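This report refers to the structure that appears directly beneath it.
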Amino acid sequence: MKAPQPIQQLLNPIEKKSGTPFATSTTQTGNQAGAQQGGNEVHERTKVLVNMVFARFRAIYTNRFDSAYSTSDDLKLAKREWALALKGFQEPLLAYAVERVKERFAWPPTISEFLSEIHTAYQSYGLKEPRQAYLEACSSSGDPRLVKWSHPAVFHAGSDCGWSRLRSEEERISWPMFEQAYQKIIDRVMAGETLSIPVVTMIEHQQAPELETLMQKIRKQIDAPEQEWAHHLYYLYKTKGTGIRQQYRQRAQFTLAKLGYREELPE
């Protein structure tokens with residue numbers, strides 16, 4: 001299936017034909033008191049997107065849409081429920097789902113049916129659903145560049161969220177952060193962007209003049225197998241003077257000291 005067009009772009013021909021703008025319906029998604037009772041869970045952007053989705057439904061289903069929502073109160077309550085259900089989903093996913101329901105349903109879809117079509121979008125692009133992606137990112141946050149990811153989107157969302165946060169923060173904090181980052185990455189994928197994961201160049205394939213000399217010194221002082229400590233010398237390939245190089249150096253120094261190496265590693 002071709003990449004979905006933005007909902008507003010799909011509405012433009014309808015507006016020109018009818019002379020009536022459909023982007024934001026005059027029927028609100030809930031009155032002010034109702035919004036206060038529900039807290040701030042319905043974001044203003046979500047309201048706008050729901051209005052756009054309903055405008056599409058009205059154009060697609062015509063009289064059947066009017067039959068499904070026969071009064072302004074029915075329409076208002078329906079939009080409120082849809083806004084709650086679609087909170088967090090971005091426009092490309094909603095546009096995809098609108099195109100899918102147009103092909104499959106003769107009547108305006110229920111919320112459950114519409115959400116099912118959103119979930120097929122993940123599958124069609126080879127993506128995991130947000131919750132599955134979150135669990136994958138958390139379980140692979142220790143050394144993310146050496147993981148075989150189900151899709152680069154999971155890696156990039158984890159990077160944007162922060163691997164240390166995924167390892168250390170409570171789920172109530174890390175999950176919303178990851179979900180937001182992942183939805184943004186999904187939008188990029190659905191817009192046609194091809195993502196890739198940075199390739200890790202193994203230490204033996206690089207050149208650091210001091211590496212071989214240093215490794216010889218270490219071999220003479222400790223008996224531990226090389227595979228237990230050699231990878232810690234990766235810090236030599238970080239830019240000198242940077243915090244990340246110093247952090248990795250300290251980690252290497254600590255590990256080698258436990259194995260019996262008593263000299264200072266080069267800065």
Side-chain angles (χ1 to χ4, degrees), residues 1-14 22-23 29 41-43 45-62 64-65 68-69 78-140 148-158 160-161 175-176 178-197:
M1 181 175 179
K2 65 181 181 179
Q5 303 175 58
I7 293 176
Q8 183 57 60
Q9 184 176 336
L10 290 168
L11 288 173
N12 288 338
I14 302 171
F22 279 92
T29 55
E41 73 276 17
V42 181
H43 191 275
R45 178 61 178 162
T46 303
K47 293 182 183 180
V48 172
L49 289 174
V50 169
N51 282 330
M52 289 180 176
V53 168
F54 270 60
R56 286 277 300 173
F57 287 168
R58 184 181 175 193
I60 293 166
Y61 297 106
T62 59
R64 292 182 178 183
F65 177 88
Y69 306 104
K79 285 186 176 183
R80 174 98 180 136
E81 290 302 316
W82 278 73
L84 288 168
L86 299 182
K87 179 177 178 288
F89 291 113
Q90 302 302 312
E91 186 171 345
L93 278 173
L94 301 185
Y96 175 95
V98 167
E99 291 301 300
R100 289 273 300 180
V101 299
K102 181 175 71 173
E103 296 169 358
R104 297 191 60 224
F105 297 102
W107 283 84
T110 64
I111 291 175
S112 175
E113 290 168 338
F114 194 79
L115 289 174
S116 294
E117 297 306 324
I118 288 178
H119 294 154
T120 66
Y122 298 116
Q123 299 170 10
S124 66
Y125 284 88
L127 295 159
K128 284 190 173 182
E129 294 184 22
R131 186 66 185 175
Q132 296 174 333
Y134 169 73
L135 295 175
E136 179 183 353
C138 287
S139 64
S140 304
K148 186 176 181 180
W149 295 98
S150 62
H151 193 283
V154 184
F155 170 84
H156 285 280
D160 291 347
C161 181
W175 159 237
F178 178 88
E179 184 182 26
Q180 183 178 24
Y182 189 61
Q183 292 290 357
K184 291 179 180 179
I185 299 295
I186 287 173
D187 291 348
R188 291 164 52 188
V189 172
M190 296 186 71
E193 183 175 345
T194 301
L195 302 177
S196 61
I197 298 174

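Treat the numbers as computed from the prediction; the structure is a model and nothing was measured. Computed from heavy atoms alone, side chains included, the values below leave out hydrogens, waters and symmetry copies.
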List the atom of [X], the atom of [Y], and the distance in Å for their closest heavy-atom pair.
X	Y	result
Ala181	Cys161	CB-N, 4.5 Å
Phe178	Pro130	CE2-O, 3.8 Å
Ala137	Trp149	CA-CZ3, 3.9 Å
Ala97	Phe114	CB-CZ, 3.5 Å
Ala121	Met190	CB-CE, 4.4 Å
Val50	Ala83	CG2-CA, 3.6 Å

May I ask you to test the [X]-[Y] pair for a side-chain heavy-atom distance under 4.5 Å?
X	Y	value
Leu86	Ile111	no
Ile60	Val98	yes
Arg56	Lys102	yes
Tyr182	Val154	yes
His151	Lys128	no

Euclidean distance, [Y] [atom2] relative to [X] [atom1], rounded to 0.5 Å:
X	Y	atom1	atom2	answer
Thr120	Arg100	OG1	CZ	4.0 Å
Ile185	His156	CD1	NE2	7.0 Å
Lys47	Met52	NZ	CE	15.0 Å
Tyr125	Leu93	OH	CG	9.0 Å
Gln132	Leu127	CD	CG	11.0 Å

Between [X] and [Y], does at least one N-O distance fall below 4.0 Å, as a salt bridge requires?
X	Y	answer
Glu91	Arg45	yes
Glu179	Lys184	no
Glu117	Arg104	yes

Are the side chain of [X] and the backbone of [Y] linked by a donor-acceptor contact shorter than 3.5 Å?
X	Y	answer
Arg64	Ala106	yes
Glu113	Thr110	yes
Glu136	Ser150	yes

Working for side-chain contact (heavy atoms from CB on, under 4.5 Å), residues Thr46 and Phe89: CA-CA 8 Å; Thr46 303; Phe89 291 113; over 6 Å; no
Leu115 vs Ile118, side-chain contact (heavy atoms from CB on, under 4.5 Å): CA-CA, chis, key distance, verdict: CA-CA 5 Å; Leu115 289 174; Ile118 288 178; 4.2 Å; yes
Parallel, tilted or perpendicular, as decided by the 30° and 60° cut-offs, for the rings of Tyr69 and Phe65: tilted
Intermediate values then yes/no, side-chain contact (heavy atoms from CB on, under 4.5 Å), Trp175 and Cys138: CA-CA 10 Å; Trp175 159 237; Cys138 287; over 6 Å; no
Check: Phe105 ring centroid to Tyr61 ring centroid under 6.0 Å: no
Output field: ring centroids Phe57/Trp82 closer than 6.0 Å: yes
